[in-house]
2 protein chains.
Amino acid sequence: MNEVLVRVSSEAQQREARLLQALRDAGLRLTPQRRAICHYLAHTDAHPTAQQIFAAVKPEFPSLSLATVYNTLDALVRLGAVHALGGAGDGAIHYDADLRPHVNLACLQCHRMVDLPCEAVADLNRRVTAESGYRILGARLVYYGLCPDCQRTAREASPTP
Amino acid sequence: MNEVLVRVSSEAQQREARLLQALRDAGLRLTPQRRAICHYLAHTDAHPTAQQIFAAVKPEFPSLSLATVYNTLDALVRLGAVHALGGAGDGAIHYDADLRPHVNLACLQCHRMVDLPCEAVADLNRRVTAESGYRILGARLVYYGLCPDCQRTAREASPTP
DNA sequence: TTTCCACCTTAGAATTACTCCAAGTTTGGA
DNA sequence: TCCAAACTTGGAGTAATTCTAAGGTGGAAA
Ligand SMILES: [Mn+2]
Ligand SMILES: [Mn+2]
Ligand SMILES: [Zn+2]
Ligand SMILES: [Zn+2]
């Protein structure tokens, strides 16, 4: 009759907590702007750019400045809490707050990035950390090309069936 | 007494041939500038940026334009003959003509990229190609952080031993 | 709770990698 | 050899990112 009150913290909530903790641990301040940016980063799987984060958070903070978005991203990347994945055919850097081992797929046509879970990446991470001699801050595991949708579009455009 | 005249084409020569063939196969023209850029790309393991390629080839072609470097790189990347690895702490994209399976290590401090051979990457490539549904043009397998040299430098700067 | 300052945010200017353009040149097939 | 499509070039243009100076604030300490 007693329900088991285990709240399963969602993946997104865990990510958000991790981002905030990373800032705290580094002695950086938790401003409302940073909280909002972390919240957005933790709850999306879209691999947003700085501009996209800005556009998404701006409504909640009309005074928000792009510089703050860049500052916060820079801090999170330098702390290893967010990965900088690079461009996707657009000239802008995409960010990923999902640190679970996976590779990312970028479409050079529609500029979207999606995840491809991949257990093998965990081994890769381990090996690189152990063998490289580098102090690893982040990874950028991206395959780029054309997504299924954009392949279809391209095929319709050129009559080569 | 007859020597066996097998010339073992060096890795770099193979790469150069592959780059030129990729351009030919795509119906693109082999201009002296493109040849020089391909030659440089094939013979370096420095993962150069467009500007660095320009600086390296310019002496041989005083009339060379940056636009030509960008055009050529764009063509090679779209053909999958060269990989665009993204930045290394500098704001510029680094390129890699070495298509052998490996991961790249970027130092955010000195902006250098080096290779880490890794057989596991071949499997990763296969799996992504097979399972993603994407038409894969290239990969960007980079771990970024601080190289051993820069770690040492950082340690000397901050007295935390 | 109040104080206080090092750290933050902000708007806008500055930087710069990269792209675009128009005019002149070249490649490579016919 | 001839020529049209493709290429190169210098310079202007674009836009992502960084820088700067002035005013605001988080959070530790009293
Ligand atoms: Mn991802
Ligand atoms: Mn490499
Ligand atoms: Zn697409
Ligand atoms: Zn270094």
Side-chain angles (χ1 to χ4, degrees), chain A residues 19-38 40 47-79 82 84-95 106 108 111, chain B residues 19-38 40 47-79 82 84-95 106 108 111:
Chain A
L19 294 179
L20 296 175
Q21 194 59 47
L23 292 173
R24 249 192 298 269
D25 290 350
L28 301 176
R29 291 180 180 167
L30 294 187
T31 66
Q33 294 89 337
R34 284 181 176 170
R35 286 175 188 279
I37 291 169
C38 289
Y40 177 72
H47 307 85
T49 66
Q51 310 272 350
Q52 288 167 343
I53 295 168
F54 177 70
V57 178
K58 183 84 172 174
E60 190 182 350
F61 279 92
S63 77
L64 183 68
S65 164
L66 250 182
T68 297
V69 176
Y70 280 108
N71 280 342
T72 302
L73 284 172
D74 184 58
L76 290 171
V77 169
R78 276 189 293 100
L79 293 172
V82 162
L85 299 184
D90 45 1
I93 296 173
H94 291 248
Y95 296 88
L108 300 183
H111 309 157
Chain B
L19 294 179
L20 296 176
Q21 194 57 47
L23 291 173
R24 249 191 300 267
D25 290 349
L28 301 176
R29 291 181 179 168
L30 293 187
T31 65
Q33 294 89 338
R34 284 182 177 171
R35 286 176 187 279
I37 291 168
C38 289
Y40 177 72
H47 307 86
T49 66
Q51 311 270 348
Q52 288 167 343
I53 295 168
F54 177 70
V57 178
K58 183 83 173 175
E60 190 182 349
F61 281 91
S63 76
L64 183 67
S65 164
L66 250 182
T68 297
V69 177
Y70 280 109
N71 281 342
T72 303
L73 284 171
D74 185 57
L76 291 171
V77 170
R78 276 188 294 100
L79 293 173
V82 162
L85 299 184
D90 46 1
I93 295 173
H94 291 249
Y95 296 89
L108 299 183
H111 309 157

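Below, chain A is the first sequence line, B the second, and so on; all start at residue 1.
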Partners passing side-chain contact (heavy atoms from CB on, under 4.5 Å) against A:D90 (at least two apart in sequence or in another chain):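 Partners of A:D90 by the side-chain contact (heavy atoms from CB on, under 4.5 Å) criterion, ordered by chain and then number, come out as A:T49, A:A88, A:A92, A:H94, A:H111.
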
Only counting residues at least two apart or in another chain, list the ones meeting side-chain contact (heavy atoms from CB on, under 4.5 Å) with B:A56.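 Here the qualifying residues are B:Y40.
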
Cut-off 3.5 Å, no hydrogens considered: what does the side-chain donor-acceptor table look like for residues 60-72 of chain A, sequence neighbours left out?
from: A:S65; atom 1: OG; to: A:A67; atom 2: N; distance (Å): 3.1
from: A:N71; atom 1: ND2; to: A:A67; atom 2: O; distance (Å): 3.4
from: A:T72; atom 1: OG1; to: A:T68; atom 2: O; distance (Å): 2.9

Bending between helix ends of the helix from C:dT1-D:dA30 to C:dA30-D:dT1 [5 pairs per end, 10° resolution]: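 Answer rounded to 10°: the end axes differ by 50°.
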
With the criterion being N/O to N/O and under 3.5 Å, what pairs connect the protein with nucleotides 23-26 of chain D, and how long is each?
from: D:dG26; atom 1: N2; to: A:R29; atom 2: NH2; distance (Å): 3.0

What side-chain donor-acceptor pairs closer than 3.5 Å can you find for residues 22-32 of chain B, not counting sequence neighbours?
from: B:R24; atom 1: NE; to: B:Q21; atom 2: OE1; distance (Å): 3.2
from: B:R24; atom 1: NH2; to: B:Q21; atom 2: OE1; distance (Å): 3.3
from: B:D25; atom 1: OD1; to: B:Q21; atom 2: NE2; distance (Å): 2.7
from: B:T31; atom 1: OG1; to: B:R34; atom 2: N; distance (Å): 3.2

Compare every heavy atom of [Y] with every heavy atom of [X], then report the nearest pair and how far apart it is.
{"X": "A:L19", "Y": "A:C38", "result": "CD1-O, 3.6 Å"}
{"X": "A:Q52", "Y": "A:H47", "result": "OE1-O, 4.3 Å"}
{"X": "A:V57", "Y": "A:A36", "result": "CG1-CB, 3.7 Å"}

Measure all distances between protein nitrogen or oxygen atoms and nitrogen or oxygen atoms of nucleotides 14-19 of chain D, and list the pairs falling under 3.5 Å.
from: D:dT17; atom 1: OP1; to: A:I93; atom 2: N; distance (Å): 3.0
from: D:dT17; atom 1: OP2; to: A:Y70; atom 2: OH; distance (Å): 2.6
from: D:dT17; atom 1: O5'; to: A:Y70; atom 2: OH; distance (Å): 3.3

Could you check if a side-chain atom of B:L85 sits within less than 4.5 angstrom of a side-chain atom of B:Y95, using non-hydrogen atoms only?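 Of all side-chain heavy-atom pairs linking B:Y95 with B:L85, none is under 4.5 Å.
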
Can you name the residues that form a salt bridge (Lys or Arg N to Asp or Glu O under 4.0 Å) with A:R35, not counting sequence neighbours?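 Expected list: none.
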
Contact boundaries on DNA chain C for chain A, cut-off under 4.0 Å to non-hydrogen atoms: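 Answer, 5' to 3': C:dA6 to C:dA11.
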
